[in-house]
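Reviewing the structure listed below.
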Amino acid sequence: MNITTTTLRQWLRRSAELIQAERERLTDLDAAIGDADHGVNLNRGFVAVVEALPTMHDLDAGAMLKATGMRLIATVGGASGPLYGTAFRRMGRQLEGMNSLDAATLVGALHAFVEGVQTIGKATIGDKTMVDALSPAVATLDTAVATGALLPQAMREAAECAKASAEGTIPLLARRGRASYLGERSIGHQDPGATSAALLIQALADVVAQEAK
Ligand code: ADP
Ligand code: MG
């Protein structure tokens with residue numbers, strides 16, 4: 001199964017839907033260990049991305065994801081705007097000139113997505129950030145694809161991993177971002193960015209499953 005530019009556009013739309021639906025929960029999570037703006041910020045950004053999709057019709061996958069990243073940087077703000085923005089730009093850079101990608105290429109592009117977050121944010125696994133959901137999810141996807149799973153199944157495993165990994169941030173002490181200012185008091189709360197990251201992975205799993213039908 002190949003992922004087309006159309007599927008990627010649907011991914012962005014589905015991401016916007018899930019973020020809209022979970023906006024309040026994301027903001028509540030951020031209220032506990034941050035400044036209560038994560039859901040609002042991200043929703044504003046993805047609304048802007050969906051609004052811009054009609055202008056992206058002629059773009060290849062790489063250019064479209066780079067434009068998405070720019071749009072997120074311009075509209076989201078906070079820590080997560082530059083982090084997700086850079087992630088999409090890095091992913092786009094991997095897909096320059098492509099209109100269709102196979103599973104291995106998608107895996108490579110998602111590795112670049114995570115590396116984009118890490119280049120900007122310097123977080124590693126266990127720091128209680130979006131990296132805690134993204135990194136294991138992409139590793140799971142990579143292993144599943146490398147061992148012959150079909151993409152819908154591999155993406156489902158990745159989405160389950162991302163969700164469980166986001167929940168796994170609850171006992172962690174935050175070492176990056178605003179939540180780190182709380183020290184020990186950051187323990188016992190789920191990280192909002194890890195939670196939104198799991199939604200982006202879920203959105204991709206959803207559109208891949210839909211496409212495979
Ligand atoms: P802000 O903290 O500026 O209000 P948001 O509320 O939009 O930004 O996003 C907060 C989320 O950003 C956190 O839950 C965390 O997952 C993520 N984050 C913050 N700093 C970093 C970092 N250095 N690396 C990776 N992710 C980070
Ligand atoms: Mg915040």
Side-chain angles (χ1 to χ4, degrees), residues 1-20 42 45-76 83-119 130 133-163 196-213:
M1 167 182 187
N2 268 28
I3 297 290
T4 63
T5 315
T6 308
T7 315
L8 292 174
R9 265 201 295 274
Q10 276 158 356
W11 172 36
L12 298 173
R13 277 203 200 88
R14 181 70 184 143
S15 297
E17 268 174 27
L18 293 183
I19 287 162
Q20 161 93 53
L42 216 50
F46 273 87
V47 165
V49 167
V50 169
E51 270 171 16
L53 281 180
T55 68
M56 298 188 195
H57 252 282
D58 296 330
L59 302 183
D60 62 61
M64 185 182 72
L65 293 178
K66 280 190 274 182
T68 297
M70 293 308 293
R71 195 87 178 161
L72 291 176
I73 289 170
T75 56
V76 175
L83 290 164
Y84 279 134
T86 304
F88 277 98
R89 290 181 65 190
R90 292 292 176 95
M91 184 175 181
R93 206 190 284 173
Q94 291 286 307
L95 303 176
E96 258 164 27
M98 295 185 199
N99 286 304
S100 175
L101 31 143
D102 61 15
T105 306
L106 177 68
V107 170
L110 286 170
H111 278 301
F113 186 99
V114 183
E115 283 157 19
V117 172
Q118 293 192 285
T119 303
M130 52 179 73
L134 290 171
S135 183
V138 175
T140 296
L141 176 70
D142 193 336
T143 304
V145 167
T147 54
L150 295 177
L151 193 53
Q153 170 64 23
M155 270 312 307
R156 185 156 41 159
E157 287 175 25
E160 281 164 10
C161 173
K163 184 168 190 283
S196 62
L199 295 178
L200 299 184
I201 303 292
Q202 180 65 53
L204 187 55
D206 288 351
V207 299
V208 166
Q210 187 63 35
E211 195 79 356
K213 274 187 187 158

Just grab all the salt bridge (charged side-chain N to carboxylate O under 4.0 Å, His left out) pairs involving residues 49-63, residues at least two apart or on different chains. none
Residue pairs meeting salt bridge (charged side-chain N to carboxylate O under 4.0 Å, His left out), one or both in residues 96-107, sequence neighbours left out, come to Lys66-Glu96
Please report the C-alpha distance between Ile3 and Leu151 in whole Å, then the side-chain angles of each, then the deciding distance to 0.1 Å, and finally whether the side-chain contact (heavy atoms from CB on, under 4.5 Å) criterion is met. CA-CA 10 Å; Ile3 297 290; Leu151 193 53; 3.8 Å; yes
Between Asn99 and Thr4, does the side-chain contact (heavy atoms from CB on, under 4.5 Å) criterion hold? Intermediate values first, please. CA-CA 6 Å; Asn99 286 304; Thr4 63; over 6 Å; no
What's the spacing between [X] [atom1] and [Y] [atom2] if we round to 0.5 Å?
{"X": "Ile201", "Y": "Cys161", "atom1": "CD1", "atom2": "SG", "value": "9.0 Å"}
{"X": "Leu8", "Y": "Leu53", "atom1": "CG", "atom2": "CG", "value": "11.0 Å"}
{"X": "Thr68", "Y": "Arg9", "atom1": "OG1", "atom2": "CZ", "value": "10.0 Å"}
{"X": "Gln153", "Y": "Leu150", "atom1": "CD", "atom2": "CG", "value": "8.0 Å"}
{"X": "Thr7", "Y": "Gln210", "atom1": "OG1", "atom2": "CD", "value": "10.5 Å"}
{"X": "Leu204", "Y": "Leu199", "atom1": "CG", "atom2": "CG", "value": "13.0 Å"}

Who passes side-chain contact (heavy atoms from CB on, under 4.5 Å) against [X], sequence neighbours left out?
{"X": "Ala212", "answer": "Met1, Pro152"}
{"X": "Arg14", "answer": "Glu17, Leu18, Ala203, Asp206, Val207"}
{"X": "Glu160", "answer": "Arg156"}
{"X": "Ala209", "answer": "none"}

Does Trp11 reach the main-chain N or O of Ala205 with its side chain, forming a donor-acceptor pair under 3.5 Å? no
Expected output: side-chain Arg71 to main-chain Ala48 donor-acceptor under 3.5 Å: yes
Check the pair Leu134 / Phe113 against side-chain contact (heavy atoms from CB on, under 4.5 Å), numbers first and verdict last. CA-CA 9 Å; Leu134 290 171; Phe113 186 99; 4.0 Å; yes
Quick one: salt bridge (charged side-chain N to carboxylate O under 4.0 Å, His left out) partners of Glu211, sequence neighbours excluded? none
Please name the pair of heavy atoms, one in [X] and one in [Y], separated by the smallest distance, quoted to 0.1 Å.
{"X": "Gly45", "Y": "Thr75", "result": "CA-OG1, 3.2 Å"}
{"X": "Ala104", "Y": "Val145", "result": "N-CG1, 4.4 Å"}
{"X": "Gly85", "Y": "Ile73", "result": "CA-CG1, 3.6 Å"}
{"X": "Leu59", "Y": "Ala67", "result": "CD1-CB, 4.3 Å"}

Within residues 135-145 or reaching into it, pairs that qualify as side-chain hydrogen bond (donor to acceptor under 3.5 Å, both in side chains) - sequence neighbours excluded: His111-Asp142
Is there side-chain contact between Leu83 and Val76, with at least one heavy-atom pair below 4.5 Å? no
Result block: side-chain N/O donor-acceptor pairs under 3.5 angstrom for residues 86-94, not counting sequence neighbours:
| unit_1 | atom_1 | unit_2 | atom_2 | d |
| --- | --- | --- | --- | --- |
| Thr86 | OG1 | Pro82 | O | 2.6 |

Stepwise side-chain contact (heavy atoms from CB on, under 4.5 Å) test for Leu101 and Leu95: CA-CA 8 Å; Leu101 31 143; Leu95 303 176; 4.2 Å; yes
Could you list the residues that satisfy side chain to side chain donor-acceptor pair (under 3.5 Å) with Ser196, not counting sequence neighbours? His38, Tyr84
Report the residues that fulfil side chain to side chain donor-acceptor pair (under 3.5 Å) with Glu115, sequence neighbours left out, ordered by chain and then residue number. none
